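I have placed the structure first, in the form of structure tokens, so that the comments after it can refer back to it.
Quick caveat: nothing in here was measured; it's all calculated off a predicted structure. Values below: every heavy atom of this structure, side chains too, minus hydrogens, waters and symmetry copies. In what follows, chains carry the letters A, B, and so on, assigned in the order in which the sequence lines appear, proteins first and then strands, with residues in each chain numbered from 1.
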Number of protein chains: 2
Amino acid sequence: MKTSQTIPEKKLAKNSTSLAPSCDETLYATCEAVGDLIQFWGFKKLTGMVWCYLYLSPEPCSALEIREGLGISAGSVSMTLKELLHWGVVSRSTPHGERTQQFTAEGDLWKMVSKVLRERDLEQIERTLDTLRNSREALFPADRSKKESLEKFRAARLTEMIQAGNLVSGLLSKLLKTGRINVRPFWPFHLGSLVGSGARKKQSQKKGTRS
Amino acid sequence: MKTSQTIPEKKLAKNSTSLAPSCDETLYATCEAVGDLIQFWGFKKLTGMVWCYLYLSPEPCSALEIREGLGISAGSVSMTLKELLHWGVVSRSTPHGERTQQFTAEGDLWKMVSKVLRERDLEQIERTLDTLRNSREALFPADRSKKESLEKFRAARLTEMIQAGNLVSGLLSKLLKTGRINVRPFWPFHLGSLVGSGARKKQSQKKGTRS
DNA sequence: CAAGTATTTCAAAAATTGTTGAAACATCAA
DNA sequence: TTGATGTTTCAACAATTTTTGAAATACTTG
């Protein structure tokens, strides 16, 4: 939701004479762009930048190199790497009997994305769905017979939200399981703006989809 | 990335005697859950809460009602509503010659989601892609002949990221255009973990996908 | 073990973001 | 126009998040 910070002057202009951006500038800008995207996705900007720095490095990097390459503190590097390791998108190695550990970015982008989708986004959706289901239950317990219309209305809207959540959650799981999206179901409510192209009209109520 | 704040005691326990949560508590909890989800998605929590409050209201609400219902300040209500109006997910109406304006939540969840996906997420991806393409160009201009291997490596990785971005962006656009996901292509790199279920193996290089 | 270097931790500082409340503004009726 | 009420704005305040830097810890070698 937020973007660029003041660009640290750092050691950027190490070899700045040419008109074209020096390699370091380009590198930094790239890391920043990725950092922004990753921040947009809910992580810290630095997390994205460090990952990108590693991803663009043919050789494993030491913490010190990252530190200098991005102009951040030792503490930041350490904590960011810890986070990246936790997410399994960076791996650590200590070559032979060296004392300095080296870091490498996971080369498979999909692994990275899917891990986060699964462990973070999917879980957040489920968390929300739980609350919504509880709310509906509280509003509309056993007998759904005579009830104030207010509660009826709310229960109906909750149902809409829950169905939407189920749909998203289902799509996500499927994508994560098969690595492929190939689903027919579409947003099943208020079809309003949805006049999708050619395909059968089946409303798609898959068995597994509780709602 | 963050969650609950201390729950304002407000006027919650208005009619708290029953064991089951009072309606207001349930309502508040629901709004909070949605607020959290929306916050997770990059908005302010209040934005989600206010939207949810309206969405669960059969009648249009005045600013005052929201103010009291959620226990927030007049300023917050005003600014949050402004934002929601901007996103087109809430509409304003002033019944007859009344002086108090009323607010209603858009009932179509898809409209809401798609608007944000289009105007925010898609744009962020495009922004990032622009930078990545520029970087690659800077690293690897016209002649892609003899070049240091470092630059070669980086250009290759940039290409991977760009392709991934193109894929996501393409899927999103398609989804937004047709309201339906029905694509065969899958993540085209490092197939590693992807052993998708039954479907042809075509690598899918659709014409429109620049990379 | 001691010295030297690498790494982590974490309290405090900095930066950012979110909220309030009161003043300014708008609108309408009398 | 004035008074009453509803709405917006925005500077100050509050809360949260991020980053730093220095102390503590770990690890290796001599």
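- Comparing D:dT8, D:dG6, C:dT8 by their closest approach to the side chain of B:Thr100 singles out D:dG6.
- Across A:Leu70 and A:Tyr28, no two heavy atoms sit closer than the pair O-CE1, 3.9 Å.
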Check: With the sugar-phosphate defined as primed atoms, P, OP1 and OP2, and the base as all remaining atoms, what B/S/- string results for nucleotides 20-30 of chain D, 5' to 3', for protein heavy atoms under 4.0 Å?
Finding: BB------SS-

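- Remark: C1' of D:dT19 and NZ of A:Lys44 are 8 Å apart, rounded to the nearest angstrom.
- Summarising the geometry, the separation between CZ on B:Arg92 and C1' on D:dT8 is reported as 10 Å, rounded to the nearest angstrom.
- Between A:Lys45 and the phosphate of D:dT17, there is no side-chain N or O to OP1/OP2 separation shorter than 4.0 Å.
- Under a 3.5 Å cut-off, the side chain of B:Arg154 and the backbone N or O of A:Leu56 do form a donor-acceptor pair.
- Classification of the B:Tyr55-B:Trp51 ring pair by plane angle, with boundaries at 30° and 60°, yields parallel.
- When the P atom of C:dA15 is taken as reference, atom CD of A:Gln39 falls 16 Å away, rounded to whole Å.
- Across the protein-nucleic acid pair, A:Phe43 atom CZ and D:dT18 atom P stand 11 Å apart, rounded to whole Å.
- Between B:Arg67 and C:dG21, a side-chain N or O to OP1/OP2 separation shorter than 4.0 Å is absent.
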Item checked: Stepwise side-chain contact (heavy atoms from CB on, under 4.5 Å) check, A:Lys44 with A:Val50 -> CA-CA 10 Å; A:Lys44 285 190 281 204; A:Val50 169; over 6 Å; no

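- B:Thr131 OG1 to B:Glu126 CD: the interatomic distance, rounded to the nearest 0.5 Å, is 11.0 Å.
- The shortest distance between the side-chain N/O atoms of B:Gln101 and the OP1/OP2 oxygens of D:dT8 is below 4.0 Å.
- In this structure, the CZ atom of A:Phe40 is 13 Å from the P atom of C:dT17, given to the nearest Å.
- A donor-acceptor contact shorter than 3.5 Å is absent between the side chain of B:Ser78 and the backbone of B:Ala74.
- Atom CD of B:Gln102 and atom P of D:dG6 are 11 Å apart (whole Å).
- Contact between the side-chain N/O atoms of A:Lys82 and the OP1/OP2 oxygens of C:dT9 is found at a separation under 4.0 Å.
- There is a side-chain donor-acceptor pair under 3.5 Å between B:Thr128 and B:Gln124.
- As rounded to whole Å, 10 Å separates atom C1' of C:dA6 from atom CZ of A:Phe103.
- Look at CD on B:Glu83: it is 13 Å from C1' on C:dT17, rounded to the nearest Å.
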